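This chain uses plain numbering: 1 for the first residue, then up along the sequence. Keep in mind that this is a model prediction, so the values were computed, not measured.
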Amino acid sequence: MANHEPNSDAPTERESSTERESSTERESSTERALDRLTAHRRFVPVALALVAALGLTIYSNSYDVVFQFDDVQNIVNNPAIRDVTDVEAWATLNPRRPVAYLSLAINYHIHGTRKFGYHLVNVLIHLATAFVVFFLARNTLATPTLRGSPLAERRHLVALLAALVFVSHPIQTQAVTYVIQRIAALATFFYLATLLFYVKARLRETPSARRPLYTLLATLSGLLALFTKEISFTLPFMIALYEIAFFRDRGIDWKDARVRYVALALIAAALVIPAVFGFDLDLVFGERPPQQGNAFTVTATTYLLTQFRVVVEYVRLVFFPVNQALDYDIAPASGFFELRILLSFLFLVALLVGGWLLWRKRRALGFAVFGFFLALSVESSVFPIPNFIFEHRLYLPMFFFSLFFVGAAFTLFRRGRLALALGVVLAFVSVNSVLAYQRNEVWKTNLSLWDDNVAKAPGKARPWNNRGVAYMERGENEKALADFTKSLELNPNFESPLVNRGVIYLEREEYDSALADFNRALVKLDSMMTYPRKSVFVSRDLFHALNFRGNLRLEMGDFDEAIADYDKAARIESGLPPEFFKRGTAYLGKQEYFRAIEDFNNAATLAPNDARVFFNRGLAWMNLGKLQAALDDFNRAIDLDATDPRYFNNRGAVLQNMRMIDSAIKDYSDAIALDSTYAESYVNRAVAYFFANELRAAWEDVRRARELGVEPHEGFLDYLRQRSREQGIPVPER
């Protein structure tokens, strides 16, 4: 038989073996180099510098992002954060989140409404949290259970990569770039810092001065977390999970004081959590009526079932962060056996079973799985929230995902394939960094954000409404009307587009259409008030609808109905000040002057530079015969705004009644100089000229008033004729 030569392009068995040996040597040299690098005493500062550099680069385009969505009411229009020294204001705005609102009050004290400062603080919080992720991951891999494991041998590198995954992931943009969601980021910082200090104390097996210090820091950080956001209520349970995962392989030793401390913390949490909610079960579990653009009622059962699908979406987003949106379109579950709900449930059960299997053999990965679900448990369980899904709710769980992802890569590609594991993680970080930077571009303006959201959730009413608001802000009212109408097609009872469309009609002086939209919006208010107050989020749009309708009724002279609208707006506690000025004006129209003055006093406190307030209060004082008080208010109004002829005209009337005729004539003349068609000032100046015995000038003003279509009072004309005849001055004919 002929001998066949091997294919020259294929390596021989010996060549393959040689290459494998060479590859192993290269891998070994790479591992040795990495080991030397991570063992270097300067590795930690270099690692933190890398994390900071990446984070600063990714968010370098976020500092000029406008205030979005809830930022406006929580920052721009929030009087509670105006004075950082007014503790009662910011601490009681949301008693469960005073630390978060203190941070906003400090920001406002330094930056006002300049957005750069708020974004800078958010980015710094994000970087600080990423640093905590680094130290917590590194210390976790040094715990007794993991000591000697492959991951523990690379704990410095794993910690760095976990921090890079955390800081670069695009899902984090909502908690960083969306200013008000610093609440989630700040709570996560304190939450993970508490866990870190706890671990540092636990790792010190021998008594030392630092153990009490770490324990104290853990306690303080835990309290700050608890009063930053409700997600921190799981912290005692997370510590218990951590204790069981990494310190208690042989069971729980109740003789150990630290174990008893954990048990006491769990008991305290069971008491503190309901106490913070005021033991109000309706607040925690009560159903939520249709609100915030939803056309459905949310119950504890509905919310729980829907969360099966939502959590699957969260899992998808952390692995494949594409098609992100601020406002996702997730329909409520109709029942457990709805196909997508059932499949989602089975998928989550499979994840938990997988987590248990990992727990037994790969403890760090198993802990990350269970920690992820525990971190989500407050906002993805039985506590009904009108909004089923938001990306910022993943900010805390992202620590556990980061630990899992890096740990899984190093576990799958072990035994000489460290370079491959490193490549997978760095590729993931690189792609995510680009996606995060691009996502920040979407956040730039209201229009870019909601245009993106409409494209991704075209069947949801709220994105259409919010894009309409963005068009309104740009003066593109036709496009805004089209979006509001589309929003109402998707949800006919959504109050926000009704109010916004009504405002456009109001600007166009299409009063019937405006009133019809305001009335439709306010039908919902009465139905909402049948629910327990704490279960209902009363939209500020309803507050505005009442005020706009009140303004319309005020213009129509329907003072009683206008006052009724203003009173109802004040009672719904929207967080905005009542329309004291408008209601005072209605009382003025009703000639209830003392009530008008009371409202104008409140309005002057809220708006001390609004000339209209002092002018109207001056009118009330003048009608009560309090001339000096009226004069003081008219003086203040003119000091603030010297362009309104009415202010000079009415001050002239007061001066005239105070027998200061020359000053009165000057004010009437100033009013006429501002508006030569202001007939009332001609009439008033004619009377003043009469008292000054300047009868020819008085008749000239009478003539000008008549040319403008105003006839002076006949009694005054009789006096003017009589005195003119006595002095031989010709009396003009009409």
Side-chain angles (χ1 to χ4, degrees), residues 41 43-45 47-48 98-100 102-103 125 127-148 152 155-156 159 162-163 186-273 275-276 363-364 367 371 374-375 396 399-400 403:
R41 60 187 177 84
F43 174 75
V44 171
L48 296 181
V99 175
L102 171 60
S103 77
I125 291 172
L127 296 181
T129 307
F131 292 167
V132 174
V133 168
F134 171 80
F135 288 111
L136 181 54
R138 193 174 67 149
N139 280 273
T140 296
L141 297 176
T143 53
T145 300
L146 298 180
R147 204 167 288 155
R155 66 191 187 97
H156 304 292
L186 193 59
T188 298
F189 170 76
F190 290 128
Y191 189 111
L192 296 180
T194 303
L195 201 54
L196 173 62
F197 291 133
Y198 166 79
V199 176
K200 295 284 284 185
R202 275 303 266 118
L203 286 173
R204 293 192 170 269
E205 296 295 342
T206 57
S208 68
R210 289 190 178 183
R211 185 193 291 177
L213 175 61
Y214 287 137
T215 303
L216 176 63
L217 290 173
T219 303
L220 293 176
S221 184
L223 288 172
L224 290 171
L226 183 65
F227 289 101
T228 302
K229 193 177 183 185
E230 296 84 338
I231 58 173
S232 302
F233 294 157
T234 62
L235 189 48
F237 304 96
M238 189 65 74
I239 291 174
L241 178 66
Y242 199 101
E243 179 74 20
I244 295 169
F246 302 118
F247 292 104
R248 290 295 156 197
D249 272 353
R250 298 180 181 178
I252 298 176
D253 181 6
W254 292 103
K255 295 180 181 180
D256 190 324
R258 289 168 294 187
V259 175
R260 293 198 296 272
Y261 291 153
V262 172
L264 287 173
L266 293 173
I267 295 171
L271 297 174
V272 170
I273 293 172
V276 171
R363 183 60 56 87
F367 167 77
L374 181 57
L396 172 59
F399 162 71
F400 301 96
L403 182 63

Is any side-chain heavy atom of [Y] closer than 4.5 Å to one of [X]?
| X | Y | result |
| --- | --- | --- |
| Thr129 | Leu192 | yes |
| Phe247 | Thr145 | no |
| Leu48 | Phe135 | yes |
| Val44 | Phe134 | yes |
| Ile231 | Thr188 | yes |
| Phe190 | Val99 | yes |

If you compare all heavy atoms of [X] against all heavy atoms of [Y], which two are closest, and at what distance to 0.1 Å?
| X | Y | answer |
| --- | --- | --- |
| Thr140 | Leu146 | O-CD1, 3.4 Å |
| Leu186 | Ala100 | CD2-CA, 4.3 Å |
| Asn139 | Leu203 | OD1-CD1, 3.5 Å |
| Ala130 | Ala163 | O-CB, 3.6 Å |
| Thr228 | Ala187 | CG2-N, 3.5 Å |
| Leu403 | Ala364 | CD2-O, 4.4 Å |

Return the [atom1] to [atom2] distance between [X] and [Y], rounded to the nearest 0.5 Å.
| X | Y | atom1 | atom2 | answer |
| --- | --- | --- | --- | --- |
| Leu195 | Tyr242 | CG | OH | 6.0 Å |
| Leu241 | Ile239 | CG | CD1 | 11.0 Å |
| Thr194 | Tyr214 | OG1 | OH | 14.5 Å |
| Leu136 | Lys200 | CG | NZ | 11.0 Å |
| Phe237 | Leu374 | CZ | CG | 8.5 Å |

Handout entry: Whether Arg138 side chain and Arg155 backbone form a donor-acceptor pair below 3.5 Å
Key = no
Problem - Backbone of Ala218 reached by a side-chain donor or acceptor of Ser221 within 3.5 Å - result: no
Exercise for the section: Output, in order, the C-alpha distance, side-chain angles, deciding distance and verdict of side chain to side chain contact (heavy atoms under 4.5 Å, CB included) for Arg202 and Phe246. Expected result: CA-CA 10 Å; Arg202 275 303 266 118; Phe246 302 118; over 6 Å; no
Exercise for the section: Please lay out, stage by stage, how Met238 and Tyr198 fare under the test side chain to side chain contact (heavy atoms under 4.5 Å, CB included). Expected result: CA-CA 11 Å; Met238 189 65 74; Tyr198 166 79; over 6 Å; no
